[in-house]
Each structure stands twice: as C-alpha cells, then as structure tokens.
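Structure record follows, encoded as structure tokens.
These numbers were taken from a predicted model, which means no experiment stands behind them.
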Amino acid sequence: MIAQQNLVMLNFPPDTDIALIDRLQRAAFDYFLDYTNGRTGLVADTSREGSPSSIAATGFGLSCYPVAVERGWVRRADAAHRVLITLRFLDGSRQASDGLATGYRGFYFHFLDMRTGERAWNSELSTIDTALLLAGALTAAAYFSGPDLNETEIRSLAARLYERADWAWALNRGNTVTMGWRPPGRFLTHRWRGHSEALLLYVLALGSTNRPIAPENYGAYSAAHEWLAIGGVPHLHAGALFIHLFPHAWIDFRGIGDVGMRAAGSDYFANSCRAIALQRAYADENPRGFMGYCRKLWGFSACHAPSGWLQLRDGRLQKLLGYAARGAPFGADDGTLVPWAPLAAMPFAPDDCLDSLSHLLAHYPALLRGCRFPGGFNPSLPGEGREGWVDDRIVGLDQGLSVMMIENWRSGLIWDLTRSVPGFSRGLKRAGFEGGWLASGAA
C-alpha cells in the first residue's frame, strides 16, 4: 500500500462529509466496472447504450484502478488483470493509415468501437486524447510495481505504448503539436497553442525518449498564453473549467513553475484556484439572470445541452448551445452547468467545494443517478423538477476526473505515482519547470 500523504488539506471535514465523498467517489469509479468491455478493456464514452469507447475515458479508467485498490473496492490482482486486458489490446491493435484501424504512429483515434477497437464516428486521430490514454497507462504502471508476472507485463506494455507515439510527426513540420490527423493523410488545421488541457500533452511529448518534441515547441505553445490582470494579480486565462483541471489530475503543479509562471510569481495550481474563485464569483453575479446561479452553484465547462432557441422557465428566449465548452468569467454561458464541478475541484478549494456539494444535493437531489452526477443540467429550462433539463448521459471523463481529483485531495496518491514516472519529470524539466518537488529529489 502506498503511504497516504495528505498533502492538500490540513483539517479533515466531518465524518459525515467524508462518508458522502467516499460514496460518490466509489460510485464514480464503478462507472469503469459497469462500462468497460471485458474483451478489449475499452471504456465507453458515456452511459448511453451503443456509445463507442473514448480513448481519453479509457486513460482515466486506467488511472483509477490504483485508487480502487487502495480504497479496498477491488482486489489488487483483479485490478491488475483488468489493466492488463486494456494494455494488451492496445498493444496488439492495428496501427495503420486507413479508416478502420485503431491507431497510427502510436496515436489512437478519438472514438473506437467497444468490441473491435476499430475507428468509430469517423473520428480523428487525436493527440490530446492519446496523451490522456498514455498518462493513464503510465500511472497504472507506476502503481503495479511488484514482481508478479502480470504487474511486470503492465510496466513493459505501458512503456512500449508510450515510446511508440511519434510526437515529432505530430508537429507536421510546425512549431506546435497539431490537434490530430485524419486518414488517409490529412492533419487537422488547428494546433495546440495557448493555455489548454494540452499542457499534459506537451509534458509527455517532451518526456518521451523516442521521437520527442523539443523545448522550443513548448515555448511556442506557451507564447500564446493569454495573461490577464485579475485584482492586480497575473492570471493565465481559460474559460472552461476542465482546462484548469485535466493536467492536475496527473501532475502536482504546486510549487513548480515554467518560465511564464515564475515570472508571474505563481504556479498552475494557484492559477486553477483563482479560476475556480472566478467561476464562483461570476455565478454569484449572474449577469445573465439564469436560475439557480450563486456562489454555491457554479461549474462552467464542456458539456452537452439542447441546441437552438428555447423558452426558459421565466419566459425569456435563450439560444442553447448544444455541446460546447462553456466558461466563466469570459466564455459561453447559456444557463447550463456541470454538477461534478465540486468533486473535481476538491484539491483547490475543499471547504468551498463541500459547501457547493451540500447545496447541490439539497436543492437538486434528482441529479444523482446511482450516486453519479450526469454530464450537465440547466435549471433555467423547464423540466420535471427544480433541476430543469438534465443530461441523460453519465460521462466517463467526468467520472474518472472526479475519482482522481478526490483522491489527490484525500491522499495525493496519483501525484505520488506520477512523480516517480521518468516521462513526467523529464518532460516537466525540458519544458522549463523548476522548484518544488522537481528540485527535492522526488522526481
């Protein structure tokens, strides 16, 4: 068992809060037991029947098995077996440039058929989703470190999958990483430039020992960051909440900073704390007059919603955005919120998040389905109850993020694991990160 080091909070909340968090965290993990194909190990994108696999959700699932073992939800041998099924399938899946392959040049298509692993929904070969998948494989490998043959094979397969990714090819002769590629041979136009969830991608791409990118590529990515002065303090802006959370699911950014963060006298953890405070302040101000918004009800991120002009409960017409990356204080806002926000933001503002969680459950109890939160809801729209419109999907990414971030708050487990992975620490150092645990010998 890894030593439980509570690095984030100094005072535990009451036992009743911990018991609630434990139930919600356990239910979120069980998504990966309920929606994983037993033969391929691929995880469904959502709970909707017929949903394809999301390789990003699969990566989150791989990272959650160590939590499940430590919490006593799954036996270690059973968890290792499930991880091994996934890694064996990915290792043996067909890598080719046609539209029926599973991946190409070490990257994987965003969505895959749950049973066959073939490309689904004509999706792109996704660089960011592959990074999330590989982060999960490396995290599982760091945990399953024993001499057992299955655990030994997990480490071997994870290393091979990571080194197979051709990050230099993904630059497509540019100075930043492309967002993806489509068969038979066309890169997507957009690139990863400016603050985004691709911070994790750049760390892994720099940390690879086979076809990595160069520090100059990280410099080109970070040169496009949008810095704002918020209350006289430099803040690295991104509207959607998930951008401020995804990289932290794996990497402990407290006390370490790249060139830009050091110049701002900050770090990415403190920046995410500000982002959450800004979202809460925006919800409290509620400039567009949506129902329910307050400091305890917030969460602006990527999620589904209806689309088109619809009438709200108060009679106004509002254009609903469908699937969109909502954000605050500067970003899209149509009254749709993500209810999982307090769980996923626990390491950054635990007291505020516990208050938000209590408010959410007291005022919108019908949101919980099998103790899991749906992808989004809009209390300004007509509905059966106070909740208004509620997404019928449980989303794998949301469940995995909640499991990991709750655990990073409770014990620091995932952060402990990734500090021991050479690809993470090497990538951070090549990106120019210094200080904190990187300088302490923990890396």
Side-chain angles (χ1 to χ4, degrees), residues 12-36 43-49 51 54 57-58 60-75 78-79 82 241-242 245 249 292 296-299 301 303-304 336-347 350-379 383-411 413-414:
F12 284 96
D15 290 344
T16 52
D17 287 336
I18 287 295
L20 172 62
I21 290 293
D22 194 70
R23 288 197 301 274
L24 295 173
Q25 187 185 22
R26 170 69 185 272
F29 166 74
D30 283 350
Y31 178 93
F32 299 101
L33 301 182
D34 295 340
Y35 295 99
T36 296
V43 175
D45 179 43
T46 75
S47 59
R48 274 189 174 178
E49 187 173 354
S51 172
S54 153
T58 302
F60 273 100
L62 290 171
S63 297
C64 289
Y65 284 107
V67 178
V69 175
E70 292 294 298
R71 292 287 163 196
W73 303 331
V74 179
R75 292 194 312 121
D78 293 339
R82 293 177 72 92
L241 182 63
F242 79 94
L245 301 183
K296 293 185 178 182
L297 186 65
W298 52 280
S301 195
C303 64
H304 291 272
T336 306
L337 301 167
V338 294
W340 47 263
L343 297 180
M346 285 295 291
D351 291 340
D352 293 332
C353 285
L354 286 171
D355 284 346
S356 294
L357 181 61
S358 296
H359 176 88
L360 192 69
L361 295 177
H363 291 82
Y364 307 95
L367 284 176
L368 277 184
R369 301 170 183 174
C371 224
R372 296 176 193 143
F373 284 120
F377 77 114
N378 190 320
E384 293 183 3
R386 201 178 204 174
E387 294 78 10
W389 175 85
V390 180
D391 193 357
D392 65 356
R393 286 163 281 236
I394 305 295
V395 181
L397 289 178
D398 305 342
Q399 303 307 304
L401 180 64
S402 296
V403 172
M404 294 173 68
M405 294 301 260
I406 289 171
E407 195 57 38
N408 281 331
W409 166 65
R410 296 180 76 176
S411 73
L413 173 64
I414 304 299

[X] versus [Y]: any side-chain heavy-atom pair under 4.5 Å?
X	Y	answer
Leu367	Trp340	no
Leu354	Leu20	no
Leu337	Trp298	no
Ile406	Phe29	no
Lys296	His363	no
Pro339	Tyr364	no
Thr336	Cys303	yes
Asp391	Thr46	no

Step-by-step side-chain contact (heavy atoms from CB on, under 4.5 Å) determination, Glu384 to Val390:
CA-CA 9 Å; Glu384 293 183 3; Val390 180; over 6 Å; no
What pairs with Ala249 under side chain to side chain contact (heavy atoms under 4.5 Å, CB included), at least two apart in sequence or on another chain?
Phe60, Leu401, Met404, Met405
The test is salt bridge (charged side-chain N to carboxylate O under 4.0 Å, His left out); show your working for Asp30 and Arg26 and say whether it passes.
CA-CA 6 Å; Asp30 283 350; Arg26 170 69 185 272; 3.4 Å; yes
Can you tell me how far [atom2] of [Y] sits from [atom1] of [X], rounded to the nearest 0.5 angstrom?
X	Y	atom1	atom2	value
Leu343	Gln399	CG	CD	8.5 Å
Arg71	Arg410	CZ	CZ	3.5 Å
Leu360	Phe373	CG	CZ	4.5 Å
Asp17	Cys353	CG	SG	12.0 Å
Leu413	Cys64	CG	SG	10.5 Å

Minimal non-hydrogen separation, [X] against [Y], with atom names:
X	Y	answer
Ile394	Tyr31	O-CE1, 3.7 Å
Phe32	Tyr65	O-OH, 3.9 Å
Asp392	Arg369	CA-NH1, 3.3 Å
Ala28	Val403	CB-CG2, 3.6 Å
Leu245	Ala344	CD1-CB, 3.7 Å
Leu24	Cys371	CD2-O, 3.5 Å

Do side-chain atoms of [X] reach the backbone of [Y] as a donor and acceptor pair under 3.5 angstrom?
X	Y	answer
Thr36	Val43	no
Ser402	Asp398	yes
Arg48	Arg393	no
Glu407	Val67	no
Ser301	Phe242	yes

